[in-house]
Amino acid sequence: MSAYDHISIEKNWRKTWDKNKVYKVTEDTNKEKCYVLDMFPYPSGAGLHVGHPLGYIASDIYARYKRHKGFNVLHPMGYDSFGLPAEQYAIQTGQHPAKTTEKNVARYREQLDILGFSYDWDREVRTSSPDYYKWTQWIFKEIYNAWFNPISDKAETIDKLKEEFAANGNEKIGPNREQKNIFSAADWSSKSDEEKAFVIDQYRLTYLAETMVNWCPEMGTVLSNDEVKDGLSARGGFVVVQKKMLQWNMAITAYSERLLQGLDGLDWSSALKDIQENWIGKSVGAEVAFAVENNEKKIDVFTTRPDTIFGVSFMVLAPEHKLVKDITTEAQQADINHYIDESRKKSERERQMDKGLPTGVFTGAYALHPFSKKRIPIWIADYVLAGYGTGAVMAVPCGDERDYKFAKHFNIDIPNIFEGVDISESAFSDKEVVIANSDFLDGMKANKAKKLCIHKMQEAGFGEAKINYRLRDAVFSRQRYWGEPFPVYYKDGVAQIIETEHYPLTLPEVEKYLPTEDGKPPLGNATNWSWCTNKNIIKPNTDQNGTCTWPMELNTMPGWAGSSWYFARYCDPKNTEEFASKEKLEYWNNVDVYIGGAEHATGHLLYSRFWTKILFDLGHLPYQEPFKKLVNQGMILGKSNFVYRLVGTNTFVSKDLVKDQKVQALHVDISMVKPTVEQIGEKTHTVYVLDTEAFKNWLPEYSNAEFILDNGRYTCGVEEEKMSKSKFNVQTPDDLVVSYGADTLRMYEMFLGPLEQAKPWDVGGINGVYSFLKKFWRLFHLNENFELSDAQATKEELKTLHKTIKKVSDDIENFSFNTSVPAFMIAVNELGALKCNKREILEPLMVLLSPFAPHICEELWSLAGNEGYVVEQSYPVFIESHVVESTYEYPVSFNGKMRFKLELDLSLDKAAVEKEVLNFEKTKEYLGGNTPKKVIVVPKKIVNIVM
RNA sequence: GCGGAUGUGAUGGAAUUGGUAGACAUGCUAGACUUAGGAUCUAGUGCCGUGAGGUGUAUGGGUUCGACUCCCUUCAUCCGCACCA
């Protein structure tokens with residue numbers, strides 16, 4: 001063998017590693033552990049595109065590096081295999097989602113294998129596998145059997161809740177989420193069993209509730225807040241409306257504060273922490289109760305500005321607010337009803353679009369100002385959201401822009417309570433202000449007034465300090481087939497949890513994957529539940545056919561259920577007794593480095609932290625935060641090409657001829673477009689030429705397409721977008737691996753730019769990396785024969801090696817792979833120029849390079865006649881003396897009084913040293929006759945001179 | 001509107017603490033070898049200028065002996081949140 005033949009080398013080593021289970025990992029208490037994890041993919045039908053592997057390559061490099069460094073590295077991979085596309089495909093074709101999923105998983109695996117990842121595949125998990133979702137169901141049950149104790153600030157079992165009720169009622173722990181009433185221990189003991197069960201349900205961490213949910217009629221399911229964007233579904237972009245439905249919910253709000261506090265100790269980018277912080281949306285203020293005139297009911301409002309309470313001139317309730325019907329006067333009833341109907345009809349999106357004039361209706365009722373006792377008109381308006389705070393606001397038009405507009409529009413009083421501020425044009429929302437016209441708050445700065453006001457309200461008993469969060473409880477039911485079934489049935493309409501001995505409660509077969517005719521979710525079509533037909537277990541209530549007569553829960557769990565705990569399962573993936581054993585969980589502990597996209601900031605990454613905290617509180621996990629360090633790889637964008645069809649015709653106009661004509665831009669498959677570099681004058685640019693024949697054959701509707709050509713060809717438009725099947729801009733890694741090899745692709749993707757940055761895919765530079773590997777290969781070959789010399793390395797060669805060791809190790813620790821690739825290139829160029837083929841230099845270099853390009857290094861390692869695998873060798877140690885030859889003390893005197901030494905590192909070359917000296921001379925010159933107070937000098941550089 | 005990020009040659013991008021801006025690679029130009037090259041090697045390549053030299057890190061200003069780097073202004077692009085009281 002002579003030339004670098006990546007195809008056979010890579011194939012051969014993949015097989016050998018696989019056969020010898022080189023990457024299998026077991027718990028070993030003698031070694032320090034390191035858990036390196038990728039966000040597992042949803043196996044879609046399109047296969048992997050070049051964007052997917054970016055993060056996987058980075059984590060693989062890190063995992064391999066840590067292995068070299070002597071760590072016991074857990075580096076697993078699996079599939080988030082429940083999800084919508086497989087189900088949609090099932091609806092269209094009748095093919096069972098499990099089959100589609102199986103097929104897609106196989107394709108993913110093939111593509112992953114080709115890239116030479118060092119996963120321990122014995123630990124693979126799939127969220128849709130019954131062995132796995134058995135434990136997802138178990139976790140659901142654990143959460144169901146838990147409540148959040150505000151005193152201990154953690155989740156506890158329902159048994160503890162019962163003890164608490166028996167001892168103190170709910171006087172200490174506070175009211176439940178529905179009734180808000182307080183009862184004593186005596187009250188509790190006098191309750192019937194049904195009543196008790198009902199009360200307990202209101203404290204559970206997962207609970208059934210009729211809540212306003214994001215309903216997507218097109219998809220026939222509800223969506224959680226993070227699955228909705230701009231009033232449209234994140235997947236598919238369908239319209240989402242608000243609808244009241246009975247759903248399972250997860251009480252994530254109980255953990256708002258801990259989720260917020262926990263961010264502090266995490267090594268995550270501040271951008272991502274900000275997103276989560278924003279999403280949780282903590283605001284500090286007060287809750288104030290306003291009495292209603294001629295009515296016993298009180299209206300609670302939340303405000304962040306209690307200091308402006310004397311500026312209140314009206315109140316606004318959300319149209320859905322409970323008290324609206326109680327307070328509305330007869331005269332206003334018709335108007336109010338009309339307004340409520342109108343706003344109910346509007347989708348979330350329409351509400352957002354309506355940013356014109358404020359709308360609202362007066363209820364006819366008045367509240368009484370708690371301090372001044374003035375009458376305050378109560379309105380309803382849909383700019384107040386039912387879901388935030390108490391669903392009611394005290395409107396302070398002089399201090400809030402929305403209140404101001406509302407007051408102006410409806411001619412409501414705008415009292416000015418700010419000293420020296422003009423509010424004739426707009427509200428003044430700055431907090432740096434002195435309060436006026438406010439009784440006991442006059443002359444105070446806002447901050448001080450805030451505190452005093454809360455104090456006074458507390459004294460008088462109508463208000464108190466309060467913290468509010470934007471975060472909502474997460475809806476946990478989906479009206480879909482392809483998800484985890486709930487271990488729940490309904491006895492006389494009351495939810496009952498199925499006991500763990502019957503898990504997994506497997507997903508039953510159905511004829512059709514669509515909702516039933518009477519509108520039940522797809523599982524309504526199921527007749528055969530495993531739990532009911534298993535002969536050895538007690539069935540709740542079945543007829544002779546084994547069919548449940550007590551209905552099962554027909555919803556399934558959302559996609560984030562399975563992904564919220566999979567990192568724990570990897571530690572012990574085959575365990576049938578527990579979701580993972582204590583010892584293994586303790587050994588592997590939490591994830592040291594987690595790599596994935598930032599798009600999961602408010603979904604997966606938040607829910608995982610939430611579940612981890614519950615499981616920690618209940619004693620099932622030894623850590624509170626699942627992911628210590630998080631690295632967000634940027635998206636790789638695809639270049640999309642467009643053709644322009646004249647509206648209403650089948651004629652396509654070349655890009656530069658479109659001008660003002662009415663055209664429709666359509667995505668065209670990038671495989672039919674050839675980028676061609678052209679010279680125009682001095683500059684070059686790329687034009688995208690369409691293969692018109694291929695285009696005609698592409699889709700039937702284009703078979704008789706006509707083209708208006710430009711210079712005899714059709715040029716397409718180009719744009720950078722997210723890679724997606726529907727945009728026909730997907731670049732798969734497959735072809736590139738065939739022409740250049742996995743090692744080249746791995747290094748090229750790293751070379752492309754900073755890992756965290758979004759960047760367009762461009763194969764232009766791949767040749768540079770490929771020729772680097774060829775050069776590396778050539779270092780070991782003389783006249784086409786492998787040849788390695790045992791001669792002693794020169795100083796220069798050692799310098800090249802060790803400087804590379806230093807650079808590459810530092811870079812890997814910082815996830816700065818894009819700069820370590822050039823370090824290798826420089827090393828190879830230098831060693832090539834020195835004609836160095838010495839074992840002493842090249843063997844460490846192989847080890848160094850192997851995390852990036854494992855196949856070629858393994859091949860050369862074996863050709864060099866070494867034992868074992870290069871991927872198992874320990875990492876070469878950086879020896880400073882090979883790089884730094886000596887240090888040099890440069891005496892300096894200022895003014896003849898003080899002496900300083902400039903220590904210089906004579907490392908790289910003379911020029912660098914001379915530069916430092918020169919710089920220092922310049923400084924000295926500048927200092928002239930002055931005496932500096934202090935000169936801080938560190939090796940290599942003057943840091944500061946204080947005069 | 002609020003919060004965050006980014007802005008450097010034709011292109012992707014280097015510049016670890018303020019100290020020769022443009023490493024490394026792509027592209028381009030010229031040359032060598034070759035039957036040929038989309039193989040390999042050599043040289044050149046920020047811009048203006050024949051040259052010495054001048055100029056240059058989105059814009060304008062500031063701090064500093066010295067600024068891509070620190071501070072302020074403006075502009076542009078991207079991301080997150082958005083009637084959040």
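Model, not experiment: these values are computed from the prediction. The figures here come from the full heavy-atom set of this structure, side chains too, leaving out hydrogens, waters and symmetry mates. Just so it is clear: chains get the letters A, B, ... in the order the sequence lines come, proteins before strands, and each one is counted from 1.
Distances were taken from every side-chain heavy atom of A/V393 (C-beta onward) to each of B/A25, B/A85, B/G80; the shortest belongs to B/A85. Distances were taken from every side-chain heavy atom of A/P754 (C-beta onward) to each of B/G4, B/A15, B/G13; the shortest belongs to B/G13. Distance from the side chain of A/R778 is smallest for B/C41 among the nucleotides B/C83, B/C41, B/G13. In this structure, of B/C81, B/A39, B/C83, it is B/C83 that holds the atom nearest to the side chain of A/L385. Comparing atom distances between the A/F302 side chain and each of B/A82, B/A15, B/A85 picks out B/A85 as nearest. Looking at the side chain of A/D274, the nearest of the listed nucleotides B/A25, B/G3, B/A23 is B/G3.
Aromatic ring orientation, A/W777 versus A/H781: parallel (interplanar angle below 30°, classes split at 30° and 60°).
Look at A/E257 and A/K282 and you find a salt bridge, because one of the NZ, NE, NH1 or NH2 atoms lies within 4.0 Å of a carboxylate O, short of that distance.
Taking only side-chain nitrogens and oxygens, A/N829 comes nearer than 4.0 Å to OP1 or OP2 of B/A25.
Of the residues in residues 303-315 of chain A, those placing a heavy atom less than 4.0 Å from an atom of RNA chain B are A/T303, A/T304, in numerical order.
Computed from coordinates, the A/E401 CD to B/G1 P distance equals 12 Å when rounded to whole Å. Straight-line distance from the CD atom of A/Q757 to the C1' atom of B/U77: 12 Å, rounded to whole Å. Between the P atom of B/C24 and the NZ atom of A/K803 lies a distance of 11 Å, rounded to the nearest Å.
In secondary-structure terms, RNA chain B builds stems of at least 3 consecutive Watson-Crick or G-U pairs, each pair having both distances under 3.5 Å, at B:1-7 with B:75-81, B:10-12 with B:24-26, B:27-32 with B:40-45, B:46-48 with B:53-55, B:60-62 with B:70-72.
Residue-level contact check: A/F772 touches neither bases nor backbone, having no heavy atom under 4.0 Å from any strand. Residue contacts for A/N818: at a heavy-atom cut-off of 4.0 Å it reaches the sugar-phosphate backbone alone, with no base atom in range.
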Show me the donor-acceptor pairs within less than 3.5 Å that the side chains of residues 760-769 of chain A make with the rest of the protein, sequence neighbours left out.
unit_1	atom_1	unit_2	atom_2	d
A/D762	OD1	A/G764	N	3.1

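B/G9 shows a glycosidic angle within 90° of 0 and is accordingly assigned syn.
Between A/P370 and A/F290, the closest side-chain pair of non-hydrogen atoms falls below 4.5 Å.
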